[in-house]
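Count residues from 1 along the sequence. FYI, side chains are in, hydrogens and waters are out, and symmetry mates aren't considered; it's all heavy atoms of this structure.
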Amino acid sequence: MERESMEFDVVVVGAGPAGLSTACKIMQLAKQKDQELMVCVVEKGSEVGAHILSGAVFETRALDELFPDWQELGAPLTTKVTEDHIYYLRNQESGSKLPNLLTPKTMHNQGNYIVSMGNVCRWLADQAEQLGVEVFPGFAASDVIYNEDGSVGGIITGDMGISETGEHKDGYMPGMELRAKYTVFAEGCRGHLGKQLIAKFNLDEGKAPQHYGIGFKEIWDIDPSKHQEGLVVHTAGWPLNKETGGSYLYHAENNQVLVGIIIDLNYENPHLSPFDEFQRVKQHPVLKQYLEGGKRVSYGARAIAKGGYNSLPKMTFPGGLLVGCDAGTLNFAKIKGNHTAMKSGILAAETIVDAISQDKVGQDLTEYTEKFEQSWLYKELYSAKNFGAALHKFGTFWGGAYNTFEQNILAGKALFNLEDNSKDYESTGLASDFTKIDYPKPDGVISFDKLSSVFLSNTNHEEDQPCHLRLKDPSIPIAINLPKYDEPAQRYCPAGVYEVVTSDVGEKKFQINAQNCVHCKTCDIKDPSQNIVWVTPEGAGGPNYPNM
């Protein structure tokens, strides 16, 4: 197909913290070197921040490097953490607050800020544009361009105006070729193109499999008398049993709290519903005391990459780099990935500007690996390399005790390397081996159903377009997943996308409500048959988070 083409020095895929930090740093360095570089950032969300979902307690270390004067520039960081409370919940009624000495020091948040990362990214995009970066929201990167020598040469944005049957509608507009000397992939966790690049260039060879969790988040307006601006609450234990994960509740500004849960996707029981576990944990007195009398105003969900150092792929390949959660730079010991994503982008920018100044084009910039290994980012991830594996092997209580010992007593210097070489989807057990979970019905006050939740995410897709949730074999959900696993897609999806419906004649059918998709990527990760492939829908589709 003949497509319009635009040439840039660097194309960045994704306007999250990693991608925007890359773009900003490139332009800062180019100005210092008196170079003129053309950089563009493409973002599949309808606006910058529309697809950003993060807790988030934010560590400013990378931001301090990128914009030392960020306070004078008006960065939206206003709520400093004042207190850390960590609870172990024994059951649905009781829990114990743990003293700081008995929790990993990586979980302590003194000096950090409670933020909306969506708003931080909007601010970063403003800084990028002032530096001369072209930011294109509403354009999904659908394919990679490969040069004749096999190196990456840019991306193609998705076609617009194609019907569900593949025909061109009246408003059809073919995607554009955005060609570049170097392309940076910063799509976030389980990136559509990042996944392909890891496979094509064998970037994960010799590495542990990536591990994932699903994170939920709601924003609540609460009773001002219950609000304690700057208070950070984390919990572990109930309602999770053998599963690992935990909840959080952060007191932000304007009498709002941010509440959610992260559940590791290596759970065994196919009857488990992460969404319903989230609704349950909100009923615990530790969290409910703040939510009672309040009003839920926003909802969303997103997968997170939490394999850490042991699962980190090679981040460079001919013509490009993977940064941030597209590679998996989140530090699970801190439950933080924003500052690490930004630092990975800063290092990528330094490497690329050096390469372009030396007239290198399309090369594998292995210099990035050297920069990475000499940085605080490497030291931070390396010191936390056992954290997730300890929880998976020893469980929440004993794994937490081990992590406290390793982080607090040994200062992150591991005595040995804990390996976790199982893939999350492989851990799913047979439905017949587990008891179904009888979840309480939502009360509409503290707990809610999926559809009313998705409504609050402002999710929308053009209805008449090809389904972006592809089945490799359409027969598998009913023929294999239903009898073996009670088709867990009905439960692991946080948006009610997947249903098993029964016809008037008793025939079962797998129904995909793609309109509901919040782009969390859980289906692409957890499907036990690895039959679902998430691809980019038309640009601007998906959630429209205002300030997540």
Side-chain angles (χ1 to χ4, degrees), residues 53-55 89 92 189-190 212-220 235 238-249 258-284 287-288 291 296-304 424-425 428 431 434-459 469 481 485-500 511-528 532 534 542-543 545 548:
L53 185 146
S54 181
L89 308 184
Q92 61 188 14
C189 174
R190 195 74 166 192
Y212 301 91
I214 179 171
F216 292 83
K217 180 179 179 180
E218 292 177 350
I219 301 177
W220 285 64
T235 79
W238 187 89
L240 304 178
N241 184 13
K242 288 179 65 181
E243 305 80 28
T244 49
S247 75
Y248 63 90
L249 188 145
L258 322 173
V259 59
I261 194 170
I262 297 171
I263 298 176
D264 293 355
L265 287 176
N266 68 338
Y267 64 82
E268 297 178 357
N269 186 348
H271 301 299
L272 184 140
S273 165
F275 175 88
D276 291 299
E277 299 293 347
F278 176 36
Q279 302 311 308
R280 280 212 292 183
V281 79
K282 287 186 293 176
Q283 299 284 3
H284 195 282
L287 303 184
K288 189 176 182 180
L291 303 178
R296 184 178 72 146
V297 295
S298 196
Y299 164 85
R302 186 70 170 95
I304 65 171
D424 289 342
Y425 71 88
T428 309
F434 293 87
T435 304
K436 284 192 175 183
I437 302 172
D438 184 20
Y439 289 107
K441 289 184 178 179
D443 59 20
V445 178
I446 301 294
S447 55
F448 303 90
D449 62 23
K450 283 185 181 178
L451 292 185
S452 67
S453 300
V454 174
F455 178 78
L456 289 179
S457 71
N458 303 305
T459 295
L469 302 160
N481 283 0
Y485 311 105
D486 194 26
E487 187 42 271
Q490 302 174 93
R491 292 173 294 282
Y492 60 59
C493 173
V497 170
Y498 302 102
E499 292 182 277
V500 175
Q511 180 170 297
I512 301 177
N513 307 309
Q515 175 76 357
N516 289 4
C517 179
V518 294
H519 297 200
C520 75
K521 314 289 182 69
T522 304
C523 55
D524 196 289
I525 297 163
K526 187 59 176 171
D527 176 46
I532 301 173
W534 192 99
Y545 298 133
M548 295 287 260

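- Of all non-hydrogen atoms in I304 and C189, the two that sit nearest each other are C-SG, 3.5 Å.
- In terms of the side chain to side chain donor-acceptor pair (under 3.5 Å) criterion, residue partners of D449 (sequence neighbours excluded) are, by chain and number, S452.
- Partners of Y498 according to the ring pair (Phe, Tyr, Trp, His ring centres under 6.0 Å) rule, which considers only residues two or more places apart in sequence or in another chain, are F510.
- Across L265 and D424, no two heavy atoms sit closer than the pair O-CB, 3.4 Å.
- Of all heavy-atom pairs spanning L456 and R296, the tightest one is CD1-NE, 3.4 Å.
- Panel note: side chain N269, backbone F434; no donor-acceptor pair is recorded below 3.5 Å.
- Environment of NZ in K436: sparse, with no more than 12 heavy atoms of neighbouring residues, nucleotides or ligands closer than 6.0 Å.
- Y299 and F275 have perpendicular rings, their planes meeting at more than 60° on a 0 to 90° scale where under 30° would count as parallel.
- The minimum heavy-atom distance between T428 and P270, with the atom names listed, is CG2-CB, 4.0 Å.
- Test R491, R280, Q279, E277 against Y439 for side chain to side chain donor-acceptor pair (under 3.5 Å) and you get one pass: E277.
- Across all their heavy atoms, V281 and P239 have their closest contact at CG2-CD, 3.6 Å.
- With Y267 as the aromatic partner, K526 meets the cation-pi criteria of under 6.0 angstrom to the ring centre and within 45 degrees of the ring axis.
- Relative orientation of the W534 and H519 rings is perpendicular, given thresholds of 30° and 60° on the angle between their planes.
- Taking every heavy atom of both residues into account, R190 and K521 meet most closely at O-NZ, 3.2 Å.
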For this session: Take C523 and V497 through the test side chain to side chain contact (heavy atoms under 4.5 Å, CB included) and record every step on the way to the result.
Result: CA-CA 10 Å; C523 55; V497 170; over 6 Å; no
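- With hydrogens and angles disregarded, no donor-acceptor distance shorter than 3.5 Å links the side chain of R302 to the backbone of K217.
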